[in-house]
Amino acid sequence: MTSSVQAPVGRLDGCEHRFALQVYFEDTDLTGVVYHANYLRYMERARSDMLECAGIDQRAVFEAGGGAYAVAGLDIRYRAPAKLGDRLVVVSRVTRLRAAAVDIQQRVMRNETILAEASVAVAFVAPGGRPRRQPAEWLAAFEPLVWKEK
């Protein structure tokens, strides 16, 4: 599928997607530490970019009335703070693929240090908000990305 939005920023590395970013002043609190809710923003950007890298055009399907992803569940653990000026990478892995949902594990990292990690369940929903089967081509695009423990 050809995307109608700009080219992805991240890259697929086997079954993992890597999305680089830098911490700016606007991301931090008074102490220069990243505000906790901004990790969710970083992860959302990485998930959107992962879809672009996989050839999935969310916008076109949404505009055609097909539906969109919605976060159905989220479990996050904060391990260490990111600070102003840090260069980070969000590493995302598809851990489970279902007819109407995708489970994704995400880690925000500074070098080899895990700063935050989350398990995110996203459901594909119709414009009215009810779960619906994902487009077949999306399932096919995700299939090679499903993480298989070695």
Side-chain angles (χ1 to χ4, degrees), residues 5 8-59 61-62 66-150:
V5 294
V9 176
R11 65 182 168 79
L12 289 172
D13 185 8
C15 290
E16 291 186 331
H17 175 264
R18 297 179 178 279
F19 182 80
L21 58 101
Q22 182 174 345
V23 175
Y24 294 102
F25 183 76
E26 67 185 19
D27 299 323
T28 62
D29 61 17
L30 181 64
T31 67
V33 170
V34 170
Y35 180 67
H36 72 279
N38 286 329
Y39 290 94
L40 300 175
R41 293 176 195 267
Y42 299 159
M43 291 176 188
E44 177 69 32
R45 291 175 196 159
R47 287 192 308 275
S48 293
D49 192 79
M50 180 175 64
L51 296 176
E52 285 288 316
C53 285
I56 293 172
D57 188 349
Q58 295 184 92
R59 180 186 223 164
V61 169
F62 176 76
Y69 282 123
V71 173
L74 173 72
D75 180 27
I76 190 165
R77 181 173 311 258
Y78 300 97
R79 295 176 155 229
K83 298 180 180 174
L84 180 62
D86 282 353
R87 294 190 183 273
L88 309 176
V89 175
V90 180
V91 180
S92 304
R93 294 177 178 169
V94 174
T95 56
R96 187 170 160 209
L97 181 60
R98 292 170 283 156
V102 181
D103 294 340
I104 303 168
Q105 178 209 27
Q106 295 188 280
R107 294 170 295 165
V108 179
M109 304 188 66
R110 182 181 51 238
N111 301 317
E112 298 302 313
T113 303
I114 299 172
L115 306 179
E117 57 188 336
S119 295
V120 185
V122 293
F124 190 72
V125 296
R130 294 187 53 96
R132 81 171 349 163
R133 192 174 270 284
Q134 299 179 69
E137 57 272 14
W138 289 19
L139 290 168
F142 270 128
E143 188 60 42
L145 300 180
V146 177
W147 181 260
K148 294 165 184 71
E149 288 294 324
K150 297 177 181 169

Would you name the heavy atoms of [X] and [Y] that are closest together and state the gap between them?
| X | Y | value |
| --- | --- | --- |
| Ile104 | Met50 | CD1-CE, 3.8 Å |
| Ala46 | Ser92 | CB-OG, 4.0 Å |
| Ala54 | Leu145 | CB-CD1, 4.0 Å |
| Tyr24 | Leu84 | C-CD1, 3.5 Å |
| Asp49 | Arg11 | OD2-N, 4.4 Å |
| Tyr78 | Ala116 | CD2-CB, 4.1 Å |

Mind checking whether Trp138 and Tyr69 have parallel, tilted or perpendicular rings, split at 30° and 60°?
->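 Trp138 vs Tyr69 ring planes: tilted.
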Would you indicate whether the side-chain heavy atoms of [Y] and [X] approach each other to under 4.5 Å?
| X | Y | answer |
| --- | --- | --- |
| Cys15 | Lys148 | no |
| Arg45 | Val9 | no |
| Pro127 | Arg132 | yes |
| Asp103 | Arg98 | yes |
| Lys83 | Val23 | no |

Between His36 and Ile76, does a side-chain contact (heavy atoms from CB on, under 4.5 Å) hold up when you go through it step by step?
-> CA-CA 10 Å; His36 72 279; Ile76 190 165; over 6 Å; no
Measuring from [X]:[atom1] to [Y]:[atom2], what's the distance to the nearest 0.5 Å?
| X | Y | atom1 | atom2 | value |
| --- | --- | --- | --- | --- |
| Leu12 | Glu52 | CG | CD | 11.5 Å |
| Asp29 | Tyr35 | CG | OH | 9.0 Å |
| Arg77 | Arg107 | CZ | CZ | 15.0 Å |
| Asn38 | Leu21 | CG | CG | 10.5 Å |
| Arg18 | Cys53 | CZ | SG | 12.5 Å |

Stepwise side-chain contact (heavy atoms from CB on, under 4.5 Å) test for Leu74 and Leu40 | CA-CA 10 Å; Leu74 173 72; Leu40 300 175; 3.4 Å; yes
Looking at Glu16, His17, Gln106, which one forms a side-chain hydrogen bond (donor to acceptor under 3.5 Å, both in side chains) with Arg93?
->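 Result: among Glu16, His17, Gln106, Glu16 is the only option passing the side-chain hydrogen bond (donor to acceptor under 3.5 Å, both in side chains) with Arg93.
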Give the intermediate values and the outcome of side-chain contact (heavy atoms from CB on, under 4.5 Å) for residues Tyr42 and Leu115.
-> CA-CA 12 Å; Tyr42 299 159; Leu115 306 179; over 6 Å; no
Flag, side chain of Asp86 to backbone of Leu88, donor-acceptor distance under 3.5 Å |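 No: the side chain of Asp86 does not pair with the backbone of Leu88.
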Hey, does the side chain of Arg110 reach the backbone of Pro81 with a donor-acceptor pair shorter than 3.5 angstrom?
->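 Yes, Arg110 side chain to Pro81 backbone: donor-acceptor pair under 3.5 Å.
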Hey, is CZ on Arg41 packed in by over 12 heavy atoms from elsewhere, all under 6.0 Å?
->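 Not more than 12 within 6.0 Å, no.
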Under the side-chain contact (heavy atoms from CB on, under 4.5 Å) rule, what do Val102 and Arg47 come out as? Steps first, then yes or no, please.
-> CA-CA 11 Å; Val102 181; Arg47 287 192 308 275; over 6 Å; no
